[in-house]
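We name chains A, B, ... by the order of the sequence lines, and we start the count at 1 in each one.
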Protein chains: 2
Amino acid sequence: MNTMTEREPSWEWYRTFLKVLETGSLSAAGRAMGLTQPTVGRHIDNLEMALGLKLFIRSFDGFAPTDAALELKPYAVSVATTTAALRRVASSHGTGVRGTVRLTASEVISVEVLPPILAALRNEHPALTIELVTSNKADDLLHREADIAVRMFKPEQEALVAKRVGGIEVGLHAHKRYLAAYGTPKSIAGLSDHSLIGFDYESAYVRQFQKQFPWFSRAALAFRADSDLAQLAAIRAGFGIGICQSALAAKDKALVRLLPTQFSIMMDTWVAMHEDLRQSARCAATFTALVAGLSAYIKS
Amino acid sequence: MNTMTEREPSWEWYRTFLKVLETGSLSAAGRAMGLTQPTVGRHIDNLEMALGLKLFIRSFDGFAPTDAALELKPYAVSVATTTAALRRVASSHGTGVRGTVRLTASEVISVEVLPPILAALRNEHPALTIELVTSNKADDLLHREADIAVRMFKPEQEALVAKRVGGIEVGLHAHKRYLAAYGTPKSIAGLSDHSLIGFDYESAYVRQFQKQFPWFSRAALAFRADSDLAQLAAIRAGFGIGICQSALAAKDKALVRLLPTQFSIMMDTWVAMHEDLRQSARCAATFTALVAGLSAYIKS
DNA sequence: TCGCTGCTATAAATAAATGAATACTATGAC
DNA sequence: GTCATAGTATTCATTTATTTATAGCAGCGA
């Protein structure tokens, strides 16, 4: 019951706290925020005083965050994403489709599929600004890190409104040039003689995938990349045989689909957003455009 | 690509914005925050300028929030809950179980069951401060509105760690005095001649309940309260026949269990918290104490 | 109708936060 | 080693924000 209520720390201090964590120094944080180094330092001092703990260990080449600071960081990040979402909502106020909408999608989708869809959307709504984040994180819609997401799995959170736009077919592909030089595999077993391109990281999805197709194990891969876009580039460059969307490959005459009957995966594709955002003109319009554009892409 | 980047609004402005929304006036917000009215007014002006929209319609008896302000409010609330969570984490730093832990539970649990458990916990950890919020909202753990929740249903969110502590039996009860005056019902059908006590609000749970026990419909109730605690008080006061935990009723010799074979509901009881908080000594200790205390209560 | 209360708006006085300049320390390149 | 660079800590002048004080308006009750 401390009646002598020590005041709540200024929320602004959290902002500079986060920037110092991100940049690693008072000076850099100051530059990033349009403040000076002494000011940033004082904010940190104030916050440390208010919270009653040391957040950084002072040294001459940057601050070293303490365990406490790292423990608090996720909360500061959460505040930052929330205020960013608030500003997006604010920017959209007025009549018509306007303001900023923030999307997430995988790299391949972002680079190969979305651009024409977004260009058309923007053409229709010139007052709309689009932010595109390449990410596969599942939880960023609930925390308003993005407004709308294109996902390759069914979103399960109940607070989300999600629409399935169809299945994207994924298959084995290689460049003509590669096949001319190293031959065309006639069976799955024949793949072991080839340069395979695949995932580097270990996600739940990749693990399940490798369980289903054990010949595609990590050890068998000659080229590993955590970016599906880099894998696609490797296929296009004739490095070897890899997995990519067959619709993308079909647009490039030099790419050849391999073993289509033995290997084909349909990836369910969904567009999802927070249900609260249905009220928002900018999000509703973008959602509709994404659903329509992706459906057309899949059917093509 | 506006290079002339208009600065991000100070996060502090969001705080006063929220307080103005909550209090309804600049002056009241100022009083609540330890600021003066002109300061609060300028914060709002600044925020309106930065966001480029009117947040309040000025009048002489308080501000009237615009639609835009109401639309932004949830985001400001989210920031407030996040900073509160941050401060709880900060307060717990150090060795041992210390700091503030925030719980939610239903009213009856909060008032009738938890106090001795929490008292023992506090006795064991004198540096621990406890906040108890009576609420049944399902989503407040993910948004860190509370650290730990006692729920009557299985938490489904995957980011939560939940432990079932058993089933709490709920049955029909009445006070001796009431039964002496109006008789004891011999069957479910006989209840229609009695004063029934039940829910006022319509929740999914209540709807399902009334589907299962149609004789307990809203129209049949002589006393309706949205508070289960008020219902319990009505039973104790001899108003009529109502539903409450049989374990609670058993502790009061004046209360009588009615039709125990015909009417008995087991309510699954869970303790849940965000999985990240397992690392936190204060939360882990409280979680354990709640699980142990509630299990003991249920078995008794 | 008057006087009270509570609110916002505005202007001058004051307190507080910020910025500029500087000293000092560590580090890495030459 | 020496110099250049990048960082923090500190001091003091300055700008900025906040308070204090004041005026005006609306609602309410006597």
Side-chain angles (χ1 to χ4, degrees), chain A residues 4-51 53-70 72-73 76 79 83, chain B residues 4-51 53-70 73 76 83:
Chain A
M4 187 52 195
T5 167
E6 69 269 354
R7 280 248 281 278
E8 181 175 354
S10 166
W11 287 7
E12 186 69 0
W13 298 343
Y14 297 127
R15 186 154 80 102
T16 80
F17 166 64
L18 180 58
K19 261 289 178 293
V20 173
L21 277 175
E22 287 173 348
T23 59
S25 83
L26 298 181
S27 311
R31 282 193 295 273
M33 302 181 68
L35 299 175
T36 53
Q37 167 257 321
T39 302
V40 175
R42 271 185 292 252
H43 282 187
I44 299 300
D45 289 342
N46 291 340
L47 191 56
E48 287 185 332
M49 190 86 75
L51 297 181
L53 41 80
K54 283 269 161 288
L55 295 172
F56 296 92
I57 296 166
R58 270 76 174 167
S59 80
F60 290 96
D61 55 337
F63 272 17
T66 62
D67 290 350
L70 295 177
L72 298 180
K73 182 176 181 184
V79 171
T83 57
Chain B
M4 185 54 194
T5 168
E6 68 269 352
R7 281 250 280 279
E8 181 177 354
S10 165
W11 287 5
E12 186 69 359
W13 298 343
Y14 296 127
R15 187 154 79 103
T16 78
F17 166 64
L18 180 59
K19 259 291 178 291
V20 173
L21 277 175
E22 287 173 348
T23 60
S25 84
L26 297 182
S27 310
R31 281 192 296 273
M33 301 181 69
L35 298 175
T36 53
Q37 165 258 319
T39 303
V40 174
R42 201 155 345 87
H43 282 187
I44 299 300
D45 289 343
N46 290 340
L47 191 56
E48 287 184 333
M49 190 86 76
L51 298 180
L53 41 80
K54 282 269 161 291
L55 295 172
F56 297 90
I57 297 167
R58 271 78 172 163
S59 77
F60 288 97
D61 56 335
F63 273 17
T66 63
D67 290 350
L70 295 176
K73 183 176 180 184
T83 57

Item to check | Under 3.5 Å: donor-acceptor pair, side chain of B/Thr16, backbone of B/Val40 | outcome: no

Next on the checklist: Quick check for you: among C/dG19, C/dC7, D/dT18, whose closest atom lies nearest to any side-chain atom of A/Thr39?
Outcome noted: C/dG19

Checklist entry - Less than 4.5 Å apart, any side-chain heavy atom of A/Thr83 and any of A/Arg15? => result no

Checklist entry - Tell me: CD of A/Gln37 to C1' of C/dC24, nearest whole Å? => result 12 Å

Item to check | Minimum-distance nucleotide to A/Thr36 side chain [options: D/dT8, D/dT18, C/dG19] | outcome: C/dG19

Next on the checklist: Between A/Arg58 and A/Glu48 (salt bridge meaning N to carboxylate O under 4.0 Å), is one present in this structure?
Outcome noted: yes

Checklist entry - Which part of the nucleic acid, if any, lies within reach of A/Gly30 when heavy atoms closer than 4.0 Å are counted: base, sugar-phosphate only, or nothing? => result nothing

Checklist entry - How do B/Ser27 and B/Arg42 order along DNA chain C: which one's closest nucleotide is nearer the 5' end? => result B/Ser27

Item to check | Phosphate contact (D/dA17 OP1 or OP2) by B/His43 side-chain N/O below 4.0 Å | outcome: no

Checklist entry - Between D/dT18, C/dT8, D/dA9, which nucleotide gets closest to the side-chain atoms of B/Ser25? => result C/dT8

Item to check | Euclidean distance, atom CD of residue B/Glu12 to atom C1' of D/dT16 [Å, nearest integer] | outcome: 15 Å

Next on the checklist: In this structure, how many angstroms lie between the C1' atom of C/dA16 and the CG atom of A/Asp45, rounded?
Outcome noted: 16 Å

Item to check | Flag, side chain of B/Ser27 to backbone of B/Gln37, donor-acceptor distance under 3.5 Å | outcome: no

Item to check | Nearest listed nucleotide, side chain of B/Pro38, among D/dA21, D/dT11, D/dA17 | outcome: D/dA21

Item to check | Rounded interatomic separation in angstrom, taking CG from B/Leu35 and C1' from D/dT18 | outcome: 8 Å

Next on the checklist: Distance check needed: C/dA9 P versus B/Phe56 CZ, whole Å only.
Outcome noted: 12 Å

Next on the checklist: Can you measure B/Met49 atom CE to D/dA17 atom P for me and round it to whole angstrom units?
Outcome noted: 12 Å

Checklist entry - How long is the line joining CG of A/Asn46 and P of C/dA16, in whole Å? => result 12 Å

